[in-house]
Structures are given as C-alpha cells and as structure tokens.
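Naming: A, B, ... by sequence-line order, numbering from 1 per chain. Fair warning: this is a prediction, and the values are worked out from it, not measured in the lab.
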Amino acid sequence: MRYLITSALPYINGIKHLGNLVGSQLPADLHARYLRARGEEVLFLCATDEHGTPAEIAAGKAGKPVAEYCAEMHAVQAELAKGFGLSFDHYGRSSSPENHALTQHFAGRLDENGLIEEIIERQVWSEADGRFLPDRYVEGTCPNCGYEAARGDQCENCTKQLDPTDLIEPRSALSGSTDLEVRETKHLHLLQSRLRGELDAWIDGQDGWPVLTTSIAKKWLHDGEGLQDRGITRDLDWGIPVRKGSEPWPGMEGKVFYVWFDAPIEYIACAGEWAGAHGLGEAGWRRWWRTDEGAGDVRYVQFMGKDNVPFHTLSFPATLIGSGEPWKKVDYLKSFNYLNYDGGQFSTSKGRGVFQDQALEILPADVWRWWLLSNCPESSDSEFTWEGFQQGVNKDLADVLGNFVSRVTKFCRSKFGEAVPEGGAWGPQEEALAARLEGLVREYEAAMDAIEVRRSARALRAIWVAGNEYLQEAAPWAAYKEDPARAAAQVAVGLNLARLFAVLSAPFLPFAAERLLGALGAQAEWPGDVAEALRALPAGHGFAVPENLFAKITDEEREGWQARFAGTRA
RNA sequence: GGCGCUGUAGCUCAGUUGGUUAGAGCAGAGGAAUCAUAAUCCUUGUGUCCGGGGUUCGAGUCCCUGCAGCGCCA
C-alpha cells in the first residue's frame, strides 16, 4: 500500500492565519509524518491556489503584476510552511504549466463526453477598465431603496439581492468609471447535475467517512433542486486559457477557466511538478494517479476545512468521473470544523487572531503544532484562548515531556556521567512499565491509523505521563543511596524512555524530536516490541544533556500577545 | 425566511449501534517526593448532561417542541 496525501490548497492572496493551518495542512502533515515513520511510501502534496479575481485585486493593491505577485506570495507561503515543519514532498502552484495542460485536458474530455454546455450570459463591460465586471465590481444606486453604494450582488442597506444590470447609475468599483455597457459573453458550464446519480452512489459507497463530510455532500446533492450545474469559465486575464485539450476552443478566446475548476486539478498536476523536479518522468507521477498505470495500491486521503467539502466531494469527483478516464479518487476525506479565536472568529480583514508569520515569530513551530493538533476542531468548532494555550503547552510540553528529559539526563550526568550506565536486571517495575507502554503505544498507533487527531494527542500524552509515573515510583535518586546498580538500571530505562518519546512524538513535534534524538545520539526507529525498544540504547552509549526542550510561556508574554493580536473588534 | 450544526464539571472537550454509580485534561483542594524547567507523583468531582414534552423496562444517547449561540443558503 502506498499513501497519497493532499491538504487543501491555500489561496495566494496573503498570509494565512492559524485557523487555515489547523484545518488542513497540519493534520495532513501529522498523517504523512506518521506513515513515513512507520516505513510507508508516502507522497504528500500541497500547492498555492493562484487564480481568480481576489488574486488580481490583491496584486493590484500591492501595485504589482499578478504573475509577479503570485510568485512572491508563493515563496512566502512556502517559507512559512517550511517554518511549521510541513513536510510536503512538493509545494506546487496551480498556475504551473502542468496544471494548464491538465486542466485543458479535463475540459476537453468533459466536452467530448457531452458534459459541457456553452451559455450566453449578459455581463457588465467597462470600457475604461477594459474588462467585464462581475458581481461586486459594479456599484451604483439600489433600485429598491435608493442606497447609493449598493453592490452588484446585493444592496447592503436593504439586503435585496441584485444583478449588476439592475443598478441605477452604475460605476466600476475598480476605476469609478461610468462608461459601462451590457454585453453578451459566452461561458462554459459543467453539467455536473447529470452525474448526480454516480456521485450519490460513490458517496454511499464510502465507509467510515466523517459525518461532517458525508452530510455536507448529501445536502448539496439532495437539497432544493439538487446539484446545480456551474460555470467553469470567467472573463479574466489571469488564469488558465480555455482550450479543448491542446486545441483552441472557438468562441472562447480570451477567457480563462474559473478558479474552482482548475484548483483541485492541481492536486494531480502537483504530482507532475514533483515528478519533473525529481526527474521521474510521466510514469513517475501517473503511478500515483492513474489506476490503470499503477495506482491500484494507492490509498488517497484528503484534508480540508468544512467549507471545502462540497468541491472535494462533488465538483472535483464530477470532473474526474466525467472525464471517463481511470483517475484515482479520494479514499478518505478528513474534514475539520473551524477554530475560533478568543470568543469570535479569526478574521483576516479585521486583523483578528494570529497569523502564520507572527506565530513563528513569537514561538517555536512545535509549540503551535502541539496545541493546534491536540485541540483541533475535529468534531465541532473549537476555541483558542491565550490562557488555555499557555496552560496547555506549559503543562504538556514543558512540564510533562520537557522536564522528564531534563530530570533523567541531568540526574544521570551528575551520578553516572554522560553515558548510559551499566545496571542490574529489570525488576517488576520495569516489566510493568513495558507492559503498560505496550498497550499505550498500540492505542496511539490505532488512533493515528484512524486519523483521529485529538485522540492521538491524548494517547501520546498518556505515554509521556507513564514515564513520569515510572520515574516517580522507581525513584532512582533514593535507590542510588542504597543500591547504585539498581539506580543505574532505572536511569538506563529513563534514558531509553526519552528516546522512545522522541520517536513517538516526532509526527507532532518534529523539531524537538530531532533535537532530542541528536542529543541522545539515537536513530528514529518506530518501536515494535516496547520492552525491546526500552533497551535500544545500550550501556556505555554516550549522550549529551539537551538544552531545555521547551521554554515556558510567562504571564507577561501571554498578556502582551493577547493585547497585540486582539485586532480591531467592532 | 429556509436548511444545518452546537448547547455535558469553573475552563477546553470525550461520550461507541440507547443499558449498570456520566468521563479526560487544565484550573481548585489535600498529601508524598526533592532527580528536574518551583517541574513530578498520589488522592479529591452532590454536574437539573440548555428547558419542556414523548417513545422505551431503561435516554446525555431516539422523536417533537421551546430557548440560546453559530454557520450555510436564498
């Protein structure tokens, strides 16, 4: 079995906050790291989602050409991902040549299979801007209430739904120009409603998917008039030019595919980018994505926030199914709720909450990883508070895990020197510890296998606690006075526990685990038999006392951050 | 307005297909220990499981309804 893992593609228009991280990339990374640690072959992909009007607007604000803006933001996001330890095998771009070709290919296939319809729409054209102005890019006077700053999609004053062509004295929201006219323009629609039965059956065939995932999918399939066909093209410059495979699409010159159509295809194209970067050729990536070219043994898992579920359960599968080609479809779709910030929502526009660059600026990545994963919004929305965050990470990381490593390594250094001491045989306490850990480790593995993130974190923490319990009960500092050999055996177990903790914790805390393993001069080898793992470091094996693994967050720091990230609440 | 989600100990949350005295972590209280980042370990929970009906031998767990918070859509 090989494992293909993707996390939802972050949009390109700026730095994301922690809420974006917790719902997709972080748990996906946890899963990828765990499977690799178990010796599995993994391909973990992510990319920036770069097309669409918001990217153009953001680039405009930054005063840069959109391609240049996207390239820069991609580099920024890639650097942040690296900072958080996200172990993507490739971090791609939806604007890549690979995605251009593949998106055009899919559109061509869908058309051949009669799933594309050309529709004439009436849109507002701005002479001054030289472009069509969809929805809110037109402003004017509301025909209903007379409000003068109504937007093309809705009047904020009377809440009436509007069409851009309804507005009185319309003007461009971009340039303010009133030189507007209504023009007819042709667009492609994907007839996904025709695939409703197949999608429905496919969803029904999925066993054990999170309720959140299937209920959202079912709602969109069955509610109201059922699954709606959707436009897949736009009158924009920035995007993938509309083509039928490698052929031109008559009548669609100058138009691009709509972002929701090309973004998920980037999951596939990204594998192509990855293969290209590693000289693996076409077959190198197709063995992950084509069931007729080797992907029969691939298990594909997607991670995303709940807002992304409809695209991943319906639109993207519709594209794959509609192509009539044997593309790999998702086997398990892990979806997350929202993380709230101190009683409200994270808000990009209000500057409320902690953004990724700020998070890394104030604390190490592992601290964020641990709190976000162990409190991720798995079954319902969850809440970030500074008090809870401070208490949680101080207790779990500094006190329970970090301090365990300190007490063992420092006690050993002071009594036996910086090497695993030669000691007596195991007694009942050591046997009991091994038996206890055997159960806990299997429980941890079961939770990780099931991608139950919070349960995994709880199980891992229980393992750390078991180490402290053992040490407290064995009390080598007391034994040392009567029976130094006994104390030596206990310390040897303690040092091996530290190694075991590092190995098991690595998916959650990759940086700390690496530092700890480095100090212990040990290798990351996933434990089979725990009793055996507790003897991995032999007597005489040298080590160094590591610097404190985790510094505690002080009250002063917490208060400062609380004020700094409060944003401008209304 | 329609649809959906949530409402369990002071806080953050678990609670499998309805079944014995409703759980965990944190915080609080008491104690042990002193190797360690004043860090650990043990003991300690009389909770109207939001309110009200109902189904059932039995409901936090199912149905109806009310309230509160949130989200999506029109």
Side-chain angles (χ1 to χ4, degrees), chain A residues 153-154 159-163 208 210-225 228 305-310 335-340 342-345 370-372 374-416 429 443 446-447 450 452-462 464-481 487-488 490-491 494-495 497-498 512 545-554:
Chain A
D153 52 348
Q154 181 177 27
T159 75
K160 185 174 171 59
Q161 295 291 306
L162 300 172
D163 193 84
V211 182
L212 183 66
T213 303
T214 49
S215 68
I216 291 174
K218 283 292 182 181
K219 179 179 181 264
W220 281 60
L221 272 172
H222 298 297
D223 260 26
E225 295 163 26
Q228 300 295 300
K306 59 185 170 187
D307 51 327
N308 262 318
V309 170
S335 53
F336 292 85
N337 289 283
Y338 295 137
L339 177 69
N340 289 318
D342 224 357
Q345 296 183 4
W370 175 254
W371 192 90
L372 291 170
S374 60
N375 293 281
C376 72
E378 216 162 7
S379 56
S380 63
D381 290 356
S382 67
E383 180 83 8
F384 176 94
T385 64
W386 282 102
E387 288 83 358
F389 174 69
Q390 178 194 22
Q391 284 176 355
V393 300
N394 280 356
K395 187 73 181 173
D396 296 346
L397 298 181
D399 298 348
V400 177
L401 176 60
N403 183 56
F404 175 85
V405 172
S406 284
R407 61 198 300 212
V408 168
T409 54
K410 287 179 180 171
F411 181 74
C412 183
R413 178 173 62 185
S414 74
K415 305 299 184 201
F416 304 103
Q429 286 177 331
E443 201 181 309
E452 292 184 31
V453 180
R454 294 175 82 125
R455 189 155 74 87
S456 300
R458 257 205 320 280
L460 178 58
R461 196 194 125 95
W464 301 337
V465 169
N468 278 307
E469 287 173 10
Y470 165 76
L471 212 59
Q472 203 65 26
E473 200 185 328
W477 47 89
Y480 184 76
K481 296 167 190 162
Q490 293 166 339
V491 167
L495 290 167
L497 279 172
V545 174
E547 284 301 307
N548 282 349
L549 247 32
F550 301 99
K552 288 205 191 194
I553 296 170
T554 65

Open item on the list: Please enumerate all residues that pass side chain to side chain contact (heavy atoms under 4.5 Å, CB included) together with A/Tyr338, with sequence neighbours excluded.
Closed with: A/Lys306, A/Asp307, A/Asp381

Task: Spacing of the P atoms in B/rU20 and B/rC26 (rounded, Å) - done: 27 Å

Open item on the list: If I pick the P atom on B/rG52 and the same atom on B/rC5, what distance separates them, to the nearest angstrom?
Closed with: 23 Å

- [ ] Identify whether any heavy atom of A/Arg455 sits under 4.0 Å from a base atom; if not, whether one sits that close to sugar-phosphate; answer base, sugar-phosphate or nothing.
- [x] nothing

Task: Counter-base of B/rG25, judged by Watson-Crick or G-U geometry with both distances under 3.5 Å - done: B/rC11

Task: With sequence neighbours excluded, residues passing side chain to side chain contact (heavy atoms under 4.5 Å, CB included) with A/Glu473 - done: A/Gln429

Please tabulate, one pair per line, each protein N/O and nucleotide N/O from nucleotides 27-33 of chain B that are separated by under 3.5 Å, including the distance.
residue : atom : partner  : partner atom : Å
B/rA33  : O2'  : A/Trp477 : NE1          : 3.4

TODO: Could you give the distance separating B/rC41 and B/rU46 at their P atoms, to the nearest angstrom?
DONE: 24 Å

TODO: Could you tell me the separation between the OG atom of A/Ser374 and the CZ atom of A/Arg458, rounded to the nearest 0.5 Å?
DONE: 10.5 Å

Open item on the list: Without decimals, in angstroms, what is the distance between A/Gln490 CD and B/rC35 P?
Closed with: 14 Å

Task: Rounded distance in Å - CG (A/Leu471) to P (B/rC35) - done: 12 Å

Task: Interatomic distance where CG belongs to A/Leu460 and P belongs to B/rG25 [whole Å] - done: 15 Å

TODO: Would you classify A/Phe550 as touching base, sugar-phosphate or nothing, given that sugar-phosphate means primed atoms plus P, OP1 and OP2, and contacts are heavy atoms under 4.0 Å?
DONE: base

- [ ] Could you measure between the two C1' atoms, the one in B/rG60 and the one in B/rU6, and give it in whole Å?
- [x] 14 Å

Open item on the list: For the C1' atoms, the ones on B/rU17 and on B/rC62, what distance do you get once it is rounded to whole angstrom?
Closed with: 12 Å

- [ ] Find the distance A/Arg413:CZ to B/rA36:C1' and express it as a whole number of Å.
- [x] 11 Å

Task: With A/Arg455 via salt bridge (charged side-chain N to carboxylate O under 4.0 Å, His left out) - residues at least two apart - done: A/Glu452

Open item on the list: Please verify the inter-ring angle class for A/Trp370 with A/Trp464; under 30° counts as parallel, over 60° as perpendicular, anything in between as tilted.
Closed with: tilted

Open item on the list: Just to be sure I understand the rule, does A/Gly402 reach a base, reach only the sugar-phosphate, or reach nothing, if contact means heavy atoms closer than 4.0 Å?
Closed with: base

Task: Minimum-distance nucleotide (side-chain atoms of A/Asn468 versus B/rC41, B/rU37, B/rC35) - done: B/rC41

Open item on the list: With a 3.5 Å limit on both atom pairs, tell me what B/rC57 is paired to, counting Watson-Crick and G-U wobble, or say none.
Closed with: B/rG19

Task: Partners meeting side-chain hydrogen bond (donor to acceptor under 3.5 Å, both in side chains) with A/Asp399 (sequence neighbours left out) - done: A/Lys552

Task: side-chain hydrogen bond (donor to acceptor under 3.5 Å, both in side chains) partners for A/Glu443, two or more places apart - done: none

Task: Pairwise 5' ranking along RNA chain B for A/Glu547 and A/Asp396, keeping only the more 5' one - done: A/Asp396

TODO: Write down the partner of B/rC72 under the Watson-Crick or G-U wobble criteria, each distance required to be under 3.5 Å.
DONE: B/rG2

Under 3.5 Å, which N/O atoms of the protein pair with N/O atoms of nucleotides 7-13 of chain B?
residue : atom : partner  : partner atom : Å
B/rC13  : OP1  : A/Glu383 : N            : 3.0
B/rC13  : O2'  : A/Arg454 : NH2          : 3.4

Task: Phosphate OP1/OP2 of B/rA38 contacted by A/Lys552 side-chain N/O (<4.0 Å) - done: no

Open item on the list: Over all strands shown, is A/Val465 touching base, sugar-phosphate only, or nothing at heavy-atom distances under 4.0 angstrom?
Closed with: sugar-phosphate

Task: Pairing partner (Watson-Crick or G-U wobble, both distances under 3.5 angstrom) of B/rU37 - done: none

Open item on the list: Between A/Ser382 and A/Asn337, do the side chains contain a donor N or O and an acceptor N or O under 3.5 Å apart?
Closed with: no

- [ ] List in chain and number order the residues that pass side chain to side chain contact (heavy atoms under 4.5 Å, CB included) with A/Val465, two or more places apart in sequence or in another chain; answer none if no residue qualifies.
- [x] A/Val400, A/Arg461, A/Glu469

TODO: Compare every heavy atom of A/Ile553 with every heavy atom of A/Asn394, then report the nearest pair and how far apart it is.
DONE: OD1-N, 2.8 Å

Task: Whole-Å distance separating the CD atom of A/Glu387 from the P atom of B/rC26 - done: 17 Å

Task: Heavy-atom closest pair, residues A/Val408 and A/Gly494 - done: CG1-C, 3.6 Å

Open item on the list: Without decimals, in angstroms, what is the distance between A/Leu497 CG and B/rU40 C1'?
Closed with: 14 Å

Task: Euclidean distance, atom CG of residue A/Leu397 to atom P of B/rU40 [Å, nearest integer] - done: 12 Å

- [ ] Would you mind telling me which residue lines up with the more 5' stretch of RNA chain B, A/Asp399 or A/Tyr338, judged by nearest nucleotide?
- [x] A/Asp399

Task: G-U wobble or Watson-Crick pairing nucleotide for B/rU46 (cut-off 3.5 Å, both distances) - done: none

Task: Span that lies between the P atom of B/rG2 and that of B/rG10, in whole angstrom - done: 35 Å

Open item on the list: On the side chain of A/Asn403, is there an atom forming a donor-acceptor pair with the base of B/rA36 - under 3.5 Å, no angle test?
Closed with: yes

Task: B/rU61 to B/rC50 separation - P atoms, rounded to the nearest Å - done: 8 Å

Open item on the list: Output the rounded distance in Å from CD (A/Glu473) to P (B/rC42).
Closed with: 9 Å

Open item on the list: Tell me every residue that passes side-chain hydrogen bond (donor to acceptor under 3.5 Å, both in side chains) with A/Tyr480, counting only those two or more places apart in sequence or in another chain.
Closed with: none

Task: P spacing across the pair B/rU56 / B/rC63, given as an integer number of angstrom - done: 16 Å

